[in-house]
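Structure record follows, encoded as structure tokens.
Reckoned from all heavy atoms, side chains included, excluding hydrogens, waters and symmetry mates.
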Amino acid sequence: QVQLEESGGGSVQAGGSLKLSCSTSGYSYNTGCAAWFRQAPGKERDGVAGIMSYGKTRVGDSVKGRFTISQDKGQRSLYLQIASLQPEDTGMYYCAAQKASERCEWRTVLREDTYVDWGQGTQVTVSS
């Protein structure tokens with residue numbers, strides 16, 4: 001059973017930075033994809049950054065240059081570094097893991113339906 005737990009959210013001023021963490025249990029870093037999603041108030045959940053088992057990453061066009069996804073297999077953790085925070089970055093941030101038996105593909109790494117396991121989320125609030 002895969003368990004994911006996000007942390008690191010908070011309230012920050014625009015222009016600041018945050019590093020979100022996702023502690024994992026039962027997730028295989030050698031197969032499948034993992035990703036970070038953001039759900040702004042009143043909006044759908046969108047993929048912002050994904051990482052494939054061999055380390056290749058993909059970042060959403062709207063956050064490219066400011067969001068960086070990484071993983072530490074030894075720490076069994078995923079990370080999302082967010083720089084130059086903007087008010088529109090406000091939302092709940094979730095990490096997600098793909099089923100180990102599924103094939104990880106570049107074209108689907110930011111799609112919500114790629115993932116079966118989700119954390120509870122961590123809130124990020126950015127004030128101007």
Side-chain angles (χ1 to χ4, degrees):
Q1 183 180 358
V2 175
Q3 293 182 318
L4 308 172
E5 183 175 1
E6 304 91 340
S7 62
S11 296
V12 296
Q13 294 276 344
S17 62
L18 278 176
K19 186 174 185 178
L20 308 183
S21 300
C22 176
S23 175
T24 71
S25 173
Y27 171 63
S28 172
Y29 285 83
N30 295 319
T31 61
C33 297
W36 284 92
F37 285 75
R38 175 176 69 192
Q39 187 165 24
K43 295 188 178 180
E44 295 184 351
R45 193 158 52 182
D46 290 326
V48 292
I51 188 164
M52 305 179 79
S53 57
Y54 48 88
K56 186 174 183 178
T57 63
R58 182 177 180 180
V59 178
D61 290 341
S62 65
V63 299
K64 199 164 290 182
R66 298 192 300 115
F67 284 35
T68 306
I69 186 172
S70 61
Q71 63 186 11
D72 184 328
K73 297 181 181 181
Q75 294 294 321
R76 304 205 63 78
S77 292
L78 301 164
Y79 304 99
L80 183 69
Q81 180 74 48
I82 310 174
S84 301
L85 278 155
Q86 302 168 5
E88 51 264 39
D89 294 322
T90 293
M92 188 71 80
Y93 285 73
Y94 300 89
C95 66
Q98 188 184 32
K99 192 174 180 180
S101 60
E102 297 290 326
R103 179 179 175 183
C104 181
E105 297 184 17
W106 170 259
R107 65 183 180 87
T108 60
V109 70
L110 296 182
R111 280 174 45 172
E112 187 173 2
D113 61 2
T114 295
Y115 300 94
V116 294
D117 293 300
W118 295 81
Q120 294 299 307
T122 186
Q123 177 69 36
V124 172
T125 302
V126 184
S127 57
S128 57

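When the salt bridge (Lys or Arg N to Asp or Glu O under 4.0 Å) test is applied to E105, the partners found at least two apart in sequence or on another chain are R107. Under the rule for a salt bridge (Lys or Arg N to Asp or Glu O under 4.0 Å), E5 has no partner lying at least two apart in sequence or in another chain. The salt bridge (Lys or Arg N to Asp or Glu O under 4.0 Å) test applied to R103 returns no partner, not counting sequence neighbours.
A pairwise comparison of heavy atoms in S28 and A100 identifies CB-CB, 4.5 Å as the closest pair. Y115 approaches A97 most closely through the heavy-atom pair CD2-C, 3.3 Å. Of all heavy-atom pairs spanning L18 and G10, the tightest one is CD1-N, 4.3 Å. Listed here is the closest heavy atom pair of P87 and S128: CG-CB, 3.9 Å. The minimum heavy-atom distance linking V109 with A35 is given by the pair O-CB, 3.8 Å.
Under the 3.5 Å distance criterion, the side-chain polar atoms of R45 are left unmatched by any main-chain donor or acceptor of F37. A donor-acceptor distance shorter than 3.5 angstrom exists from the side chain of R58 to the backbone of W106, with no hydrogens or angles considered. Of the possible donor and acceptor atoms, one in the side chain of Y29 sits under 3.5 Å from a partner among the backbone N and O of S77.
To the nearest 0.5 Å, the span separating OG1 on T24 from CG on D117 amounts to 10.5 Å. Considering CD1 of I69 and CD of Q81, their distance stands at 12.5 Å, rounded to 0.5 Å. Taking OG from S53 and NZ from K73, the interatomic distance works out to 6.5 Å, rounded to the nearest 0.5 Å. Expressed to the nearest 0.5 Å, how far OG of S11 lies from CG of L85 amounts to 11.0 Å. S23 OG to Y79 OH: the interatomic distance, rounded to the nearest 0.5 Å, is 8.5 Å. Annotation: the span from T108 atom OG1 to Q98 atom CD amounts to 6.5 Å, rounded to 0.5 Å.
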| field | Full working for side chain to side chain contact (heavy atoms under 4.5 Å, CB included) between L20 and E6 | value | CA-CA 7 Å; L20 308 183; E6 304 91 340; over 6 Å; no
| Trace of the side chain to side chain contact (heavy atoms under 4.5 Å, CB included) decision for E112 with Y94 | CA-CA 11 Å; E112 187 173 2; Y94 300 89; over 6 Å; no
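Under the side-chain contact (heavy atoms from CB on, under 4.5 Å) test applied with K99, the options V116, V2, T31 reduce to a single match, V116. Just one residue in the list Q86, E88, R38 forms a side-chain contact (heavy atoms from CB on, under 4.5 Å) with V63, and that residue is R38.
Transitive grouping of hydrophobic side chains (ILVMFWY, heavy atoms separated by less than 4.5 Å) brings L80 and V12 into a common cluster. In the hydrophobic clustering of ILVMFWY residues, with side-chain heavy atoms under 4.5 Å counting as a link, W118 and L110 come out together.
Counting heavy atoms from C-beta on, the side chains of W36 and C22 come closer than 4.5 Å.
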